Amino acid sequence: VSQSSTAIANNAASNSDGKEEYEAAYAKLKAKDYPGATSAFKVFVEKYPNSDYAGNSWFWLGFVYQTQGDTESAARSFASLIERFPNHSKVDDAKYNLGKIYNQQGKTEQARALLKEVASGDSKSAPLAKSYLESM
């Protein structure tokens, strides 16, 4: 057993919040391995539902689904983040993306409500939401 294998095994034993698994899933996302990232983030949120990384995992899962055109799964993932982690730093980003999906699905009232909520805040998504609202 090499030193790195031992270090990995020791890290896994103390990995109660799933940091290594999250980082591995995020690495797949960055490499544009969308099927691998989808699978890894799905496993992560099941295995570590209350981890500090679970909110990010729900967001990136939604992002991957949205990128691949699966708006139903993306909407469910973004909604999971919003419902489970209402104070998470990515909630406004999730609401913005969910608002866009709702608009594409013809759910205009739901879309406007979410986008107005984001637009009235001061997150990085606020100007995007304002602009999107103006284009609707």
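We count residues from 1, following the sequence as given. Atoms considered below: every heavy atom in the structure, side chains included; atoms not considered: hydrogens, waters and symmetry mates. None of these values were measured; they are calculated from a predicted model.
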Rounded to the nearest 0.5 Å, what separation is found between the [atom1] atom of [X] and the [atom2] atom of [Y]?
{"X": "Met136", "Y": "Thr108", "atom1": "CE", "atom2": "OG1", "answer": "5.5 Å"}
{"X": "Glu23", "Y": "Phe44", "atom1": "CD", "atom2": "CZ", "answer": "10.0 Å"}
{"X": "Thr71", "Y": "Lys100", "atom1": "OG1", "atom2": "NZ", "answer": "12.5 Å"}
{"X": "Tyr53", "Y": "Phe41", "atom1": "OH", "atom2": "CZ", "answer": "12.5 Å"}
{"X": "Lys42", "Y": "Trp58", "atom1": "NZ", "atom2": "CH2", "answer": "9.5 Å"}
{"X": "Asn97", "Y": "Leu128", "atom1": "CG", "atom2": "CG", "answer": "9.0 Å"}

Using atom types as modelled, flag every donor-acceptor pair under 3.5 Å from a side chain in residues 114-123 to any protein atom, sequence neighbours excluded.
residue: Glu117; atom: OE2; partner: Lys95; partner atom: NZ; Å: 2.2
residue: Ser120; atom: OG; partner: Lys116; partner atom: O; Å: 3.4
residue: Ser120; atom: OG; partner: Glu117; partner atom: O; Å: 2.9
residue: Ser123; atom: OG; partner: Asp92; partner atom: OD2; Å: 3.1
residue: Ser123; atom: OG; partner: Ser125; partner atom: N; Å: 3.2
residue: Ser123; atom: OG; partner: Ala126; partner atom: N; Å: 3.4

Problem set entry | By ring pair (Phe, Tyr, Trp, His ring centres under 6.0 Å) - contacts of Phe63 (at least two apart) | Trp60

Where do [X] and [Y] come nearest, in terms of heavy atoms and distance?
{"X": "Lys28", "Y": "Ala40", "value": "CD-CB, 4.4 Å"}
{"X": "Gly62", "Y": "Ala74", "value": "O-CB, 3.4 Å"}
{"X": "Lys90", "Y": "Leu81", "value": "O-CD2, 3.7 Å"}
{"X": "Asp93", "Y": "Phe59", "value": "CB-CE1, 3.5 Å"}

Exercise. Quick one: do Val91 and Tyr96 end up in the same hydrophobic cluster if we chain Ile, Leu, Val, Met, Phe, Trp and Tyr together by side-chain heavy atoms under 4.5 Å apart?
Worked result: no

For this session: Would you please say whether a donor-acceptor pair under 3.5 Å links the side chains of Glu72 and Gln105?
Result: yes

Exercise. Between Asn56 and Tyr26, do the side chains contain an N or O donor and an N or O acceptor separated by less than 3.5 Å?
Worked result: no

Exercise. Ser135 side chain to Tyr132 main-chain N or O, any donor-acceptor pair under 3.5 Å?
Worked result: yes

For this session: Mark yes or no for whether Asn103, through its side chain, and Gly99, through its backbone, hold a donor-acceptor pair below 3.5 Å.
Result: no

Is any side-chain heavy atom of [X] closer than 4.5 Å to a side-chain heavy atom of [Y]?
{"X": "Tyr22", "Y": "Asp52", "value": "no"}
{"X": "Tyr102", "Y": "Glu109", "value": "no"}
{"X": "Tyr48", "Y": "Asp17", "value": "no"}

For this session: Would you sort out whether Leu29 and Tyr34 count as a side chain to side chain contact (heavy atoms under 4.5 Å, CB included), showing the intermediate values?
Result: CA-CA 6 Å; Leu29 171 69; Tyr34 294 138; 3.9 Å; yes

Exercise. Between Glu134 and Lys130, is the closest basic N to carboxylate O distance under 4.0 Å?
Worked result: no

For this session: Apply the test side chain to side chain contact (heavy atoms under 4.5 Å, CB included) to residues Ser80 and Phe85: give CA-CA distance (whole Å), side-chain angles for both, the deciding distance (0.1 Å), then the verdict.
Result: CA-CA 8 Å; Ser80 290; Phe85 302 94; over 6 Å; no

